[in-house]
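Residue numbers begin at 1 in each chain, while the letters A, B, ... track the order of the sequences. In what follows, every heavy atom counts, from backbone to side chain, and hydrogens, waters and symmetry copies are set aside.
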Amino acid sequence: MKIKEIFVTSAFTQNSVWKQILGICSALAVTNLMMNSLVMGLGVIFTLALSGFTISLIRNFIPKRIRMMVQTLIIASYVIIVDLFLKANYPEISKSLGPYVGLIITNCIIMGRAEAFAGKNSPFESIIDGIGAGVGYTLVLLVIAFVRELFGFGTLFGFQIMGDWWTKWSIMVMAPSAFFMLSILIWIINTPKKQVG
Amino acid sequence: MNNGKKLFRDTRVYPVVFMLIITILFIGILATFYQLSLEKVETYRQTVLKKMVLSVFELPVNNIDKNFSKYISMKNVDDLNYYVAVKDSNSLGYCFPISGSGLWGTINALLAVTPDFKEIINIEIVSQNETPGLGGRITEDWYKKQFQGKILIVNDEVRLFKMIPENEKVGIGEVSQITGATASSKAVVDMIYKNVLKYKAKL
């Protein structure tokens, strides 16, 4: 497979969130601020790319029966590295993301890519696939966060957009709005395809 | 043993050995990363704390380490840590960590009081896990500032604040609570009441 094809497939045509409905939990949790979503997205891209690479590298040595254990261990290690990196270098962001960085481990996308792609393809292709899936996930996060932060806080990336006249929508700050936004997004993206098919 | 041609990969021990090796390898990598970041994390934590202590006494926060050692001294009595601020040989007051349970988790804060414990100088939220945009607004300036100069102790007893709705003018002995975050607002005043007498008895 060509590199571009792998990227487009995992980022758009087979997008983890709107096509495979994976990684929903974190998409609901961190999308109240653009900055949090971006950092979360970068963390997931990093973890996906490197765990994919590592798993692919040792794919011929992993005993089949314990492959999930090995995958979890590798994924968890990279997530902890991301967490430590943020704590040491970007403590403010680390604080606002709270436990969600650690919870990247439970993000189904990563395990999903490890099982579906990295276990069968070359290390380099796995990196591309991981970055693709991560970018697709980050895009969804940013779109939802854009709406939630704008209506909920009147800001974007912390910059004031709305004036004093703006009444903040408390619902947008809380988790339920993420459910609404995510389902609307999935609905919009998947509707035209259904009509064609 | 008699099947000499059997590959090591096919034995029952192989998965165990494999898992063991990979676990040791990754734990090694993580331990290294942890050690490398430990110092930075600790330095940052100390700096943030020092800055907060300085800011509750409204002392300059531009040169944190220097100003901290100039104005603040750390004390400890019966395992209770507290800070004393002295400026131009006048005691500004005491500052001590307080904590209480909020809606989602523990709220940690610093409370600064006058040397006679009667008045609140300032309060600063160190850490909290309240709902962002609702209970999380206890970290906003308008909320914390309303505690400045509030009478806390009358005749050796805590005087309870009257909670009034947000956007109403705050009078003497009154404290605004955040709309939609009654539990978080209550948690903050409760932890002030709870801790202040404990420290007053010791100092």
Of the backbone (N, CA, C, O) and the side chain (C-beta and beyond), which part of Ser77(A) lies under 4.5 Å from a heavy atom of chain B, both, or neither? both
If I measure from the heavy atoms of chain B, does Met172(A) come under 4.5 Å with its side chain, its backbone, both, or neither? neither
Within-4.5 Å side-chain heavy-atom neighbours: Ile72(B) and Leu59(B): yes
Before you tell me yes or no, could you show the steps for Glu166(B) and Ser176(B) under side chain to side chain donor-acceptor pair (under 3.5 Å), namely the whole-Å CA-CA distance, both residues' side-chain angles and the distance that decides it to 0.1 Å? CA-CA 5 Å; Glu166(B) 199 181 327; Ser176(B) 293; over 6 Å; no
Of the backbone (N, CA, C, O) and the side chain (C-beta and beyond), which part of Ser94(A) lies under 4.5 Å from a heavy atom of chain B, both, or neither? neither
For the student: nearest non-hydrogen atoms of Ile131(A) and Ala49(A), plus distance: CG1-CB, 3.8 Å
Is Arg67(A) salt-bridged to Glu115(A), going by a charged N under 4.0 Å from an acidic O? yes
Which bit of Glu92(A) comes within less than 4.5 Å of chain B, counting heavy atoms only: side chain, backbone, both or neither? both
At a 4.5 Å cut-off on heavy atoms, which part of Phe33(B) comes close to chain A: side chain, backbone, both, or neither? both
Measure distances from Phe18(B) to the heavy atoms of chain A and classify the residue's part below 4.5 Å as side chain, backbone, both or neither. side chain
Side chain, backbone, both or neither: which part of Ile29(B) has a heavy atom under 4.5 Å from chain A? side chain
Please state whether the side chain, the backbone, both or neither of Phe85(A) comes within less than 4.5 Å of a heavy atom of chain B. neither
Validation row, ring centre Phe117(B) to ring centre Tyr94(B) under 6.0 Å: yes
Could you check Lys194(B) against Asp190(B) for salt bridge (Lys or Arg N to Asp or Glu O under 4.0 Å), going step by step and ending with a plain yes or no? CA-CA 6 Å; Lys194(B) 203 181 73 190; Asp190(B) 279 347; over 6 Å; no
Any side-chain donor-acceptor pair under 3.5 Å between Ser185(B) and Tyr143(B)? no
For Thr43(B), is it the side chain, the backbone, both or neither that has a heavy atom under 4.5 Å from a heavy atom of chain A? neither
Under 4.5 Å from a heavy atom of chain B, the part of Ile62(A) involved: both
